[in-house]
Amino acid sequence: MSVRRPLKFQKIKNVILFIYDYKCIVCGFVSVSNHVHHLDENTDNNDAFNLVPVCVDCHKMIHSAKFKIMITNVNPILNELHRLNKFWF
């Protein structure tokens, strides 16, 4: 079942995917269909620093009780997100 997100989130998602070149930060898979994961797992927190692109398979693994992936190395692009953050809203 897919979750229906507000249009505002869809725009933010598209920007995040674009900034990361549509590349999953876990496995490197490139697709315009990649998801955006909330690092703090709070779906109400759509701050640019809380969102990273992941492919469908890695996103499932991140949320799986059996196989929990911790995403820790996202710093290379965070500086650019800091710069762009003032334009989100």
Side-chain angles (χ1 to χ4, degrees):
M1 180 173 87
S2 65
V3 175
R4 197 78 179 133
R5 302 264 187 211
L7 183 58
K8 190 177 201 179
F9 176 78
Q10 293 300 327
K11 290 179 179 180
I12 294 169
K13 174 186 173 182
N14 291 338
V15 171
I16 295 296
L17 290 173
F18 177 79
I19 289 171
Y20 283 86
D21 295 323
Y22 304 93
K23 188 181 213 176
C24 173
I25 65 160
V26 178
C27 72
F29 180 71
V30 177
S31 173
V32 295
S33 299
N34 278 349
H35 292 184
V36 173
H37 175 68
H38 293 82
L39 292 171
D40 68 0
E41 298 190 5
N42 175 0
T43 58
D44 293 326
N45 181 3
N46 294 321
D47 185 83
F49 310 107
N50 188 45
L51 302 171
V52 291
V54 291
C55 69
V56 174
D57 292 334
C58 289
H59 206 193
K60 287 178 187 175
M61 287 190 292
I62 289 168
H63 289 287
S64 168
K66 292 179 182 177
F67 189 78
K68 189 79 170 170
I69 296 177
M70 296 302 293
I71 302 172
T72 56
N73 192 13
V74 294
N75 289 333
I77 297 179
L78 284 181
N79 288 335
E80 181 66 9
L81 290 177
H82 280 289
R83 189 178 73 73
L84 295 174
N85 192 44
K86 62 183 171 186
F87 300 112
W88 289 134
F89 303 105

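FYI, the numbering just counts along the sequence from 1.
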### Task
Decide side chain to side chain contact (heavy atoms under 4.5 Å, CB included) for His37 and Leu51; before the verdict, give the C-alpha distance in whole Å, the side-chain angles of both, and the deciding distance to 0.1 Å.
CA-CA 5 Å; His37 175 68; Leu51 302 171; over 6 Å; no
### Task
Output, in order, the C-alpha distance, side-chain angles, deciding distance and verdict of side chain to side chain contact (heavy atoms under 4.5 Å, CB included) for Leu17 and Val36.
CA-CA 7 Å; Leu17 290 173; Val36 173; 4.1 Å; yes
### Query
Under the side chain to side chain contact (heavy atoms under 4.5 Å, CB included) criterion, do Val54 and Ile25 qualify, and how do the steps go?
CA-CA 6 Å; Val54 291; Ile25 65 160; 4.3 Å; yes
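Here CG of Asn34 is found 11.5 Å from CG of Asp21. Values are rounded to the nearest 0.5 Å. Note that OH of Tyr22 is 7.0 Å distant from CG of Asn14, once rounded to the nearest 0.5 Å.
Evaluation of the side chain to side chain donor-acceptor pair (under 3.5 Å) rule for Asp40 yields Asn45, Asn50 as partners, not counting sequence neighbours.
Val56 is not connected to Val52 by any chain of hydrophobic side-chain contacts under 4.5 Å among Ile, Leu, Val, Met, Phe, Trp and Tyr, and they are in different clusters. Follow the hydrophobic side-chain contacts under 4.5 Å out from Tyr20 and you reach Leu39 in the same cluster. No chain of hydrophobic side-chain contacts below 4.5 Å, direct or via other Ile, Leu, Val, Met, Phe, Trp or Tyr residues, connects Val32 to Phe29. The hydrophobic clustering, which links ILVMFWY residues whose side-chain heavy atoms are closer than 4.5 Å, places Val26 and Ile19 together. Linking Ile, Leu, Val, Met, Phe, Trp and Tyr whenever their side-chain heavy atoms come within less than 4.5 Å puts Val15 and Val30 in one cluster.
Considering all non-hydrogen atoms of both residues, Thr43 and Asn46 come closest at O-OD1, 3.5 Å. Among all heavy-atom pairs drawn from Cys27 and Cys24, the shortest one is N-SG, 3.5 Å.
Ring geometry for His35 against His59 counts as perpendicular: the plane angle is over 60°, on a 0 to 90° scale with 30° as the lower cut.
A 6.0 Å sphere centred on NZ of Lys23 holds no more than 12 heavy atoms belonging to other residues, nucleotides or ligands.
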